[in-house]
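In what follows, chains carry the letters A, B, and so on, assigned in the order in which the sequence lines appear, proteins first and then strands, with residues in each chain numbered from 1. Remember, predicted model here, so these are calculated numbers, not experimental data.
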There are 2 protein chains.
Amino acid sequence: MVQSHRRATIVDVARHAGVSTKTVSRVLNGQPHVTEDIIRKVKDAAAAVDYHPNMMARALVQRRSHLIGLVYENPSPSYVVDLQKGVLERLRDEHYRLVVIPIASISQHEADVVGLLRSAALDGVVLAPPASDSARIMQDLTTAGIRFARIAPTRLIEAGPSNLIDDVSAAREIAEHVIRLGHRDIAVISGDPTHASADARMQGFRQAFAAAGVPLPAHRIATGYYTYESGHAAARTLLARRDRPTAILAQNDDMAVGALIATLESGLTVPGDLSITGFDDSEVARITWPAITTVRQPVFDMAVAAADMVVAQLQDTAPLMCRSHRHELIVRQSTGPCPA
Amino acid sequence: MVQSHRRATIVDVARHAGVSTKTVSRVLNGQPHVTEDIIRKVKDAAAAVDYHPNMMARALVQRRSHLIGLVYENPSPSYVVDLQKGVLERLRDEHYRLVVIPIASISQHEADVVGLLRSAALDGVVLAPPASDSARIMQDLTTAGIRFARIAPTRLIEAGPSNLIDDVSAAREIAEHVIRLGHRDIAVISGDPTHASADARMQGFRQAFAAAGVPLPAHRIATGYYTYESGHAAARTLLARRDRPTAILAQNDDMAVGALIATLESGLTVPGDLSITGFDDSEVARITWPAITTVRQPVFDMAVAAADMVVAQLQDTAPLMCRSHRHELIVRQSTGPCPA
DNA sequence: ATGAAAGCGCTAACAA
DNA sequence: TTGTTAGCGCTTTCAT
């Protein structure tokens, strides 16, 4: 209250407590070799002058901003929310803050991404798809000395700490589920072609189809962009044909919901006339009627693990280099037997 | 490449270019009074030594971290996504970064929030409900010298830059819509009681009911928490009674979706047997079948405006102190005439 | 138009 | 156990 207007610094605290600044620093950082008595005195002084540490000064000298970035594209809101929750969960009691870095189109801005991260003074970043598949970004990150961990990369697994899922098997399994229900006229709504997951999931579908001798002609494949709208539009196209399919496999849940609504709008029933599957098990798949059969990819868990890998590197703990996460087929009400 | 390992600083650039550090700083910040010739030389030198500015040093001396926070509770994912998109939209070309600060329960942690923000070295924050209604938080923010702007506060409007919506009128209008359709047995699912919006919306409902002489007995009011699950549970309770309502007014869209699914699960049709309304017009209200009648609250626009108010304060531009945003009744397929 | 020197607030060596 | 001193990398008076 004596202070006119500027914020109190450790110098003020030191003077008030009658000790040196280094002692104040020691007390404030909980370092050893200080008497109980002095600790008391310093803490009282800090309270008395209303001291609050200046994080920027601390960051400068420690070369640590305590900022972690999350890089993602933005197609699916529920995916992004899961991602954020996971990273935040791990960072909660860690004194790191989360900076969100949505990039409109990573494939188009590969070269600029790390410049952006640099200018934000991030200590580390979690790379969500498709950034997690960019050799260029990982290269630049290494050059810049920014630690990173990857979520669901599909290639160059050795290139950095990775959280893996088996998109191919997951896709195969959900396709097998639909085939087991007797469907043979099956259409696919694929994801954003710039995301490698779209390839992997398609590959899994094809494996199941091939094994069962089910055809997948080109006119049964529609391209989406992992958004609700694109799934809706794709389904309309697929259903407009005279030989409409009896099942649609969407490559994520948002598109599946889009397909579901388009189907219901057209007067068909699900799963009576048409079965629909999603992918990821995001929240949207649970809040529809009928609820959507999907395959759970543990996005939240991967985000927790990825954040953990980043933190480990920053603390010089040996980071886990690679971790696999399990998927799980979740059968709900959007799939049923093939109609006669 | 001569440098062993440490990052290049302006000192390196200065030496390389044969000028002083101040000149380098001037060039890098685009300040006047430098010859074209020198500008060239400095820029070349910067590129040659692979210089990248250290944002923490800059932050320290400028007393600006260039970090903006977004404080929110987490009930509704789509609300949060809209909020984030809005703030990011305004910050996009502004050289500010967004730090997300979800708080589990603001009403329980009021006293700690600003400490958290302080320790994150934020220049400013956008306060979403219910933080935007906390006198304590605003007080602490002012003390800490952190600029802020509020989204949808309901009280103490003068206490800081605010983006207002008229929740009372919006609620009244949507209730009137349902009453006009002939409903008189109407139930309400209210929002989280710690959010002032729940009160305001209830007040609007009551105005409409009173004007039309429609009763609202206590057993027709169920308390939710702005989540899908709470809406689902509340609807189950409301529908379990013998004298079930013919319409349910939910105080946000997530709860309305929960109510919709619960209704469909119980074998009733919407809007045939029961009409349902939401609130906010978030994405979830569009991606159900039937789509949900709601009243649009421009969350995205408010977030853009709030971010703008924060940036304006940081740039010493006179900030707009108060801005009103319009709501709009959006009639979709979840409401229909009262069944006979 | 350019440069020298003094900080911003903090922590880390090194003394005492 | 405690204090002194020297930076971290940048911007900013104030000279020149």
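Close to D:dT2, at under 4.0 Å from its OP1 or OP2, lies a side-chain N or O of A:Thr35. Neither OP1 nor OP2 of D:dC8 sits under 4.0 Å from any side-chain N or O of B:Asn54. Look at B:Thr23 and you'll find a side-chain N or O under 4.0 angstrom from OP1 or OP2 of C:dG3. Contact check, A:Gln31 against C:dA12: a side-chain N or O comes under 4.0 Å of OP1 or OP2. Contact check, B:Gln62 against D:dT12: no side-chain N or O comes under 4.0 Å of OP1 or OP2. Look at A:Ser20 and you'll find a side-chain N or O under 4.0 angstrom from OP1 or OP2 of D:dG3.
Crowding of A:Glu158 atom CD: a count of heavy atoms from other residues, nucleotides or ligands under 6.0 Å not exceeding 12. The environment of A:Lys22 atom NZ is dense: over 12 non-hydrogen atoms of other residues, nucleotides or ligands sit within 6.0 angstrom. Enclosure of atom CD in A:Gln315 by more than 12 non-hydrogen atoms of other residues, nucleotides or ligands within 6.0 angstrom is indicated.
Residue A:Ser25 places its side chain closer to C:dT11 than to any other of C:dT2, C:dT11, C:dA5. Checking D:dT2, D:dT11, C:dG9 against every side-chain atom of A:Arg26, the shortest atom distance belongs to D:dT2. The A:Val61 side chain lies nearest to D:dG7 when the options are C:dA5, D:dG7, D:dG9. The side chain of A:His33 lies closest to D:dT1 when the candidates are C:dC10, C:dA12, D:dT1. For A:Val34, whose side chain is taken as the heavy atoms from C-beta onward, the closest listed nucleotide among C:dT11, D:dT11, D:dT2 is D:dT2. The side chain of B:Arg63 lies closest to C:dC8, out of C:dC8, D:dC10, C:dA5.
Rounded to the nearest 0.5 Å, atoms CG (B:Leu70) and OH (B:Tyr72) are 6.5 Å apart.
Using a 4.0 Å cut-off between charged nitrogen and carboxylate oxygen, B:Lys85 and B:Asp82 do not count as a salt-bridge pair.
The CG-P distance, from B:Leu28 to C:dT2, rounds to 15 Å in whole Å. Atom C1' of nucleotide D:dC10 and atom CG of A:Leu60 are separated by 8 Å, given to the nearest angstrom. We find that CE of A:Met56 is positioned 14 Å from P of D:dT11, with the value rounded to whole Å. Atom NE2 in B:His66 sits about 10 Å away from atom P in D:dT11, given to the nearest Å. Rounding to whole angstrom units, CZ of residue A:Arg118 and C1' of D:dC10 are separated by 17 Å. Distance, B:Asn29 CG to D:dT13 P: 14 Å, rounded to whole Å. When rounded to the nearest whole Å, the span between CD1 of B:Ile10 and P of C:dC8 equals 17 Å. Here the C1' atom of nucleotide D:dT2 and the CD1 atom of A:Ile39 are 13 Å apart, to the nearest Å.
No donor-acceptor contact under 3.5 angstrom links the side chains of A:Thr35 and A:Asp37, judged on distance only. Defined by atom type and a distance below 3.5 Å, a donor-acceptor pair is missing between the side-chain atoms of B:Arg97 and B:Ser65.
Note: A:Tyr96 and A:His66 have tilted aromatic rings, judged against thresholds of 30 and 60 degrees for the angle between ring planes.
Residue contacts for B:Val11: at a heavy-atom cut-off of 4.0 Å it reaches no nucleic acid atom on any strand shown. Using a 4.0 Å heavy-atom cutoff across all strands shown, B:Glu36 reaches no nucleic acid atom at all.
Evaluation of atom-type donor-acceptor distances gives a pair under 3.5 Å for the side chain of A:Lys22 against the base of C:dA12.
Rounded to 10°, the helix from C:dA1-D:dT16 to C:dA16-D:dT1 has 30° between the axis fitted to its first five pairs and the one fitted to its last five.
Taking the nucleotide of DNA chain C with the nearest heavy atom to each of B:Pro32 and A:Arg58, the more 5' of the two is matched to B:Pro32.
Residues A:Pro298 and A:Ile165 share a closest heavy-atom pair of CD-CG2, 4.3 Å.
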